[in-house]
Q: 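What follows is a single structure, and I will ask about it in a moment.
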Amino acid sequence: MRWKSIWQRSMTCARHDARNGDMMPVRSIDHVTHAMFRFARLSRLGLALATAALLGACSTTGSHPDGQPLTPARAVGYLQDGAIPDSLALSPAPPAAGSVAAQLDEAVATQAMALRGSARFVQAHTDADLSFPAGANQFSCALGVAVTAETTPVLYQLLERSRIDASAATKAAKTHYQRPRPFMVNNAPTCTPDDEQGLRDSGSYPSGHTAIGWAWALILSEIDPQHATALIERGRSYGHSRLVCNVHWYSDVQQGQFMGAATVARLHDNPEFAADLAQARKELVHARTLNLPMPRDCAAETAALTSDIPEAH
């Protein structure tokens, strides 16, 4: 390959990653450009080596010193294009004003607001965090094992990738219906005030957090059948946290569970997912032998989750 072509490829990749926060800023890249061309006047081999290094940085995976693969810098879902469930086709319109379903939504929202300031409200705030590594341990208490990139790398990656798929499965309906969220109607606080502006711009129906939580509950139940009941209960409470947080209606949560289940059904037709599921089972067996401390106070979480919304059962 000609040097110019190689260099153009490397710089395109580097600038793309810089925009996504995964590499040096473009200004720094320009400094590298200047230095590399100076070095190239001394040695074509030097340019080849430097360019190869920059191209290598574009890879989404690397290796730990022990040879194990690193988690991709930018995780991607397992499902692509038509494999992602179509929430617009699968979701009926949200409840019409004045309907029995809308009245139930309002009744549940009223009960949820009564939990404001309680331990359950604090738990809803904790449940709202889907960023990794925190997101990987939302179900750790029900699972009985900490999920980390070091001790359970395949399971960690499986949860992160399936999170992307379940979220994507709700977007078409969210965009189409643009349903206002409860806090936009009742003007009461949410459990995540810093997120409210972004939530205003994202439709309430169906609930993306619920879809992710329900998908995780189903997936983890397959990986660890002995804890299936606790994991499914956690999946339900995870969706209910969106009610307590005052950011979703009850019907949003119900349809979120439906889309989470639809996502898992499609994932089972994906060879990568099937392979990771099998490997995650082996990882979990090994992780239990390590007896590592849990990443959160499971007793406090269990106590908080005992306070729930009667109408949401």
Q: Testing the basics here: between A142 and L231, what is the closest heavy-atom pair and its distance to 0.1 Å?
A: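 What the structure gives for the nearest pair is CB-CD2, 3.7 Å.
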Q: Would you confirm whether K174, through its side chain, and S202, through its main-chain N or O, come within 3.5 Å as a donor-acceptor pair?
A: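 Side chain of K174 to backbone of S202: no pair is present.
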Q: Do R200 and F183 make a side-chain contact, defined as non-hydrogen atoms from C-beta onward lying under 4.5 Å apart?
A: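 Yes; the side chains approach each other to less than 4.5 Å.
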Q: Answer yes or no: are there more than 12 heavy-atom neighbours, outside H286 itself, under 6.0 Å from its atom NE2?
A: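 Not more than 12 within 6.0 Å, no.
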Q: Do F258 and T170 have side-chain heavy atoms sitting under 4.5 Å apart?
A: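 No, side chains not in contact.
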Q: Rounded to the nearest 0.5 Å, how far does CD1 of I219 lie from CG of D224?
A: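 Interatomic distance, D224 CG to I219 CD1, rounded to 0.5 Å: 14.0 Å.
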Q: If you round to the nearest 0.5 Å, how far is CG of L79 from CD1 of I84?
A: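 I84 CD1 to L79 CG: 6.0 Å, rounded to 0.5 Å.
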Q: Strictly distance-based, threshold 3.5 Å: is any side-chain N or O of W249 a donor or acceptor partner for the main-chain N or O of L104?
A: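 Such a contact is absent between W249 side chain and L104 backbone.
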Q: Between the side chains of S207 and D252, does any donor sit under 3.5 Å from an acceptor?
A: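 No, no side-chain donor-acceptor contact under 3.5 Å.
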Q: Check the pair T152, E283 against side chain to side chain donor-acceptor pair (under 3.5 Å), reporting the backbone distance first and the verdict last.
A: CA-CA 6 Å; T152 54; E283 281 187 346; 4.8 Å; no
Q: How long is the span from the CG atom in L159 to the CH2 atom in W216, to the nearest 0.5 Å?
A: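 That separation rounds to 6.0 Å.
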Q: Which word best sums up how the rings of H209 and Y238 line up, parallel for under 30°, tilted for 30 to 60°, or perpendicular for over 60°?
A: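 Aromatic pair H209/Y238 classed parallel.
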Q: Assess whether side-chain contact (heavy atoms from CB on, under 4.5 Å) is satisfied between L115 and I309, documenting all intermediate values.
A: CA-CA 9 Å; L115 295 171; I309 307 164; 4.1 Å; yes
Q: Using a 4.5 Å cut-off on heavy atoms from C-beta on, say whether the side chain of C191 contacts that of N246.
A: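 In short, these two side chains do not touch, never coming nearer than 4.5 Å.
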Q: Taking V76's backbone N and O only, do any of them form a donor-acceptor pair with R161's side chain (distance below 3.5 Å, no angle check)?
A: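 A pair under 3.5 Å: yes.
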Q: Salt-bridged, R266 to D86, with N to O below 4.0 Å?
A: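 A salt bridge is absent here (no side-chain N lies under 4.0 Å from a carboxylate O).
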Q: Is it true that a side-chain atom of Q138 and a backbone atom of T126 form a donor plus acceptor pair closer than 3.5 Å?
A: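 At least one qualifying donor-acceptor pair exists.
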Q: Is there a side-chain contact between S204 and P182, using heavy atoms and a 4.5 Å cut-off?
A: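 Contact flag for S204/P182 side chains = yes.
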Q: Going by distance alone, is a donor N or O of one side chain under 3.5 Å from an acceptor N or O of the other, for T210 and Q257?
A: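 No.
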Q: Looking just at side-chain N and O atoms, do R120 and T306 make a donor-acceptor pair shorter than 3.5 Å?
A: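 No, no side-chain donor-acceptor contact under 3.5 Å.
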Q: I want to check something: taking the side chain as every heavy atom from C-beta on, are P189 and R116 in contact at a cut-off of under 4.5 Å?
A: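 With C-beta onward as the side chain, the pair touches.
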Q: Looking only at heavy atoms, which two atoms of A102 and A96 are closest? And how far apart?
A: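 That would be CB-O, 3.2 Å.
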Q: In Å and rounded to the nearest 0.5 Å, what is the CD to CG distance from E272 to L267?
A: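 Between atom CD of E272 and atom CG of L267 there are 11.0 Å.
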Q: Please check if L130 and L158 belong to a single hydrophobic cluster, counting links between Ile, Leu, Val, Met, Phe, Trp and Tyr side chain heavy atoms closer than 4.5 Å.
A: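 Yes; L158 is reachable from L130 via cluster members.
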Q: If you compare all heavy atoms of L90 against all heavy atoms of A262, which two are closest, and at what distance to 0.1 Å?
A: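 Shortest heavy-atom separation between L90 and A262 comes out as CD1-CB, 4.4 Å.
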Q: Taking Y78's backbone N and O only, do any of them form a donor-acceptor pair with D165's side chain (distance below 3.5 Å, no angle check)?
A: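 The answer is yes, because a donor-acceptor pair under 3.5 Å joins these two groups.
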Q: Flag the pair T192 / C245 as yes when at least one side-chain heavy-atom distance between them is below 4.5 Å, and no otherwise.
A: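 In contact.
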Q: Please lay out, stage by stage, how L220 and L155 fare under the test side-chain contact (heavy atoms from CB on, under 4.5 Å).
A: CA-CA 9 Å; L220 290 170; L155 177 56; 4.0 Å; yes
Q: Between the side chains of S91 and Q255, is a donor N or O closer than 3.5 angstrom to an acceptor N or O?
A: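 There is such a pair (donor and acceptor under 3.5 Å, judged by atom type) between the side chains of S91 and Q255.
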Q: Find the distance between CD (Q123) and CD (E301) and round it off to the nearest 0.5 Å.
A: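 Going from CD on Q123 over to CD on E301, the span is 4.5 Å.
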Q: If you draw the axis of the six-membered ring of F139, does the NZ or CZ of R234 fall within 45° of it and under 6.0 Å from the ring centre?
A: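 Pair R234/F139 counts as cation-pi.
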Q: Is there a side-chain contact between H125 and F121 (heavy atoms, below 4.5 Å)?
A: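 No. Closest side-chain heavy atoms not under 4.5 Å.
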Q: Between OG of S221 and CD of E233, what distance do you get to the nearest 0.5 Å?
A: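 S221 atom OG to E233 atom CD measures 10.5 Å (nearest 0.5 Å).
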Q: Answer yes when R179 and D105 have at least one side-chain N-carboxylate O distance shorter than 4.0 Å, and no when they do not.
A: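 Answer for the salt bridge query: yes.
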Q: Test side-chain contact (heavy atoms from CB on, under 4.5 Å) on I232 and W214 and set out the steps.
A: CA-CA 8 Å; I232 294 296; W214 197 245; 3.9 Å; yes
Q: Walk me through whether R181 and N186 qualify under side-chain contact (heavy atoms from CB on, under 4.5 Å).
A: CA-CA 9 Å; R181 295 173 182 268; N186 58 36; over 6 Å; no
Q: Is there a path from V145 to I223 through hydrophobic residues (I, L, V, M, F, W, Y) whose side chains come within less than 4.5 Å of each other?
A: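 Yes.
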Q: Is the backbone of F273 close enough, under 3.5 Å, to the side chain of N270 for a donor and an acceptor to pair up by distance?
A: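 Yes, N270 side chain to F273 backbone: donor-acceptor pair under 3.5 Å.
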Q: So, the side chain of T175 versus the backbone of A172: is there a donor-acceptor pair under 3.5 Å, distance only?
A: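 Side chain of T175 to backbone of A172: no pair is present.
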Q: Is L143 reachable from V154 through a run of I, L, V, M, F, W or Y residues, each pair having side-chain heavy atoms under 4.5 Å apart?
A: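 Different hydrophobic clusters.
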Q: Let me see the working for R281 and D276 under salt bridge (Lys or Arg N to Asp or Glu O under 4.0 Å), right down to the final yes or no.
A: CA-CA 9 Å; R281 290 192 184 102; D276 285 351; over 6 Å; no
Q: Could you tell me if the side chain of P133 sits less than 4.5 Å from the side chain of Y156, heavy atoms only?
A: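 A side-chain contact exists here, since the closest heavy-atom pair is under 4.5 Å.
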Q: Give me the atom names and distance for the closest heavy-atom approach of M113 to A188.
A: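 So the two residues come closest at SD-CB, 3.6 Å.
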Q: Work out which heavy atom in T263 is nearest to a heavy atom in A169; give both atom names and the distance.
A: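 So the two residues come closest at OG1-CB, 3.3 Å.
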